[in-house]
K.L.:
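The structure's right below; bear with me while I get my questions together.
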Amino acid sequence: MAGKEPRCICGSCPSFNECGAKAFCFDETGKSKCIKEEKGCLCPSCPVQDKFKFSHTYYCIRGSDKKQGKK
Ligand code: SF4
Ligand code: SF4
C-alpha cells in the first residue's frame, strides 16, 4: 500500500543499522552514528530521492545530499 508522502526506505537497506535515525539525505538528519559499512544503498530507488531530486548515495556514511555537493 503506497502512502501519500514518499517514505525513507533505509529500513530495508543491507547497510542499515537501527540507532534511531533515517532519511540521512536531509541536512537536518546528519550522518548515522552506527552505520559504518557500505554494504549496498537503496537510495537510488527511493521515492524521496526522486521527489527532492537528490543525486547521491550512502547519505548515512557520506553525509546529506547537500554536503556531498552538486552533481
Ligand atoms: S534517499 Fe535514502 S536516506 Fe533519503 S529518504 Fe530515501 S532511503 Fe532514506
Ligand atoms: S542512506 Fe543508503 S546506505 Fe544508508 S541506510 Fe539509507 S539506503 Fe542504506
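Counting starts at 1 for both ligands and their atoms, following the listed order. Everything numeric here is computed off the predicted structure, so don't read it as measured data. By convention here, the first residue in the shown sequence is residue 1.
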K.L.:
If you leave out waters, which protein N, O or S atoms are less than 2.8 Å from atom 6 (Fe) of ligand 1?
P.N.:
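Near atom 6 (Fe) of ligand 1, below 2.8 Å, one finds Cys46 SG.
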K.L.:
Give the atoms of ligand 2, by number and element, whose distance to some non-hydrogen atom of Tyr58 is under 4.0 Å.
P.N.:
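By the 4.0 Å cutoff, the relevant atoms are 3 (S).
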K.L.:
Decide yes or no on side chain to side chain contact (heavy atoms under 4.5 Å, CB included) for Thr57 and Arg62, but give the supporting numbers first.
P.N.:
CA-CA 8 Å; Thr57 53; Arg62 302 179 189 175; 3.9 Å; yes
K.L.:
For residues Lys22 and Cys10, report the shortest heavy-atom separation together with the two atoms involved.
P.N.:
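Minimum heavy-atom separation between Lys22 and Cys10: CG-CB, 4.3 Å.
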K.L.:
Measure the distance from the SG of Cys25 to the SG of Cys43 and say whether it is below 2.5 Å.
P.N.:
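Cys25 does not pair with Cys43 as a disulfide (SG atoms not under 2.5 Å apart), so no.
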K.L.:
So, does Tyr59 use its side chain to make a donor-acceptor pair with the main chain of Gly30 at under 3.5 Å?
P.N.:
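No.
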K.L.:
Quick one: look up the protein heavy atom nearest atom 2 (Fe) of ligand 2 and list residue, atom name and how far away it is.
P.N.:
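Protein heavy atom with the smallest distance to atom 2 (Fe) of ligand 2: Cys41 SG, 2.4 Å.
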K.L.:
Spell out, as yes or no, whether a donor-acceptor pair under 3.5 Å connects the side chain of Gln49 to the backbone of His56.
P.N.:
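Yes.
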K.L.:
Any atoms of ligand 1 less than 4.0 Å from a non-hydrogen atom of Phe24? List them with their elements.
P.N.:
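The atoms of ligand 1 under 4.0 Å from a heavy atom of Phe24 are 3 (S).
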K.L.:
Between Glu37 and Ser15, is there a donor-acceptor pair closer than 3.5 Å when you use the side chain of the first and the backbone of the second?
P.N.:
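No; judged by distance alone, with no hydrogens or angles, the pair does not exist.
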K.L.:
In terms of residue, atom name and distance, what is the protein heavy atom nearest to atom 4 (Fe) of ligand 2?
P.N.:
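Checked against all protein heavy atoms, atom 4 (Fe) of ligand 2 sits closest to Cys60 SG, 2.3 Å.
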K.L.:
Closest approach of Asn17 and Ile35, non-hydrogen atoms and distance?
P.N.:
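Heavy-atom minimum between the residues: N-CG1, 3.6 Å.
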K.L.:
When you measure from atom 8 (Fe) of ligand 2 to every protein heavy atom, which one gives the shortest distance, and what is it?
P.N.:
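Of every protein heavy atom, Cys13 SG, 2.3 Å lies nearest to atom 8 (Fe) of ligand 2.
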K.L.:
What are the atoms of ligand 2, with element, lying closer than 4.0 Å to any heavy atom of Gly40?
P.N.:
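With Gly40 as reference, the close atoms of ligand 2 come out as 3 (S).
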K.L.:
Between Asp65 and Ser55, is there a donor-acceptor pair closer than 3.5 Å when you use the side chain of the first and the backbone of the second?
P.N.:
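Confirmed, Asp65 side chain pairs with Ser55 backbone.
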K.L.:
Check the orientation of Phe16 and Phe24. Use parallel for under 30°, tilted for 30 to 60°, and perpendicular for over 60°.
P.N.:
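Phe16 vs Phe24 ring planes: tilted.
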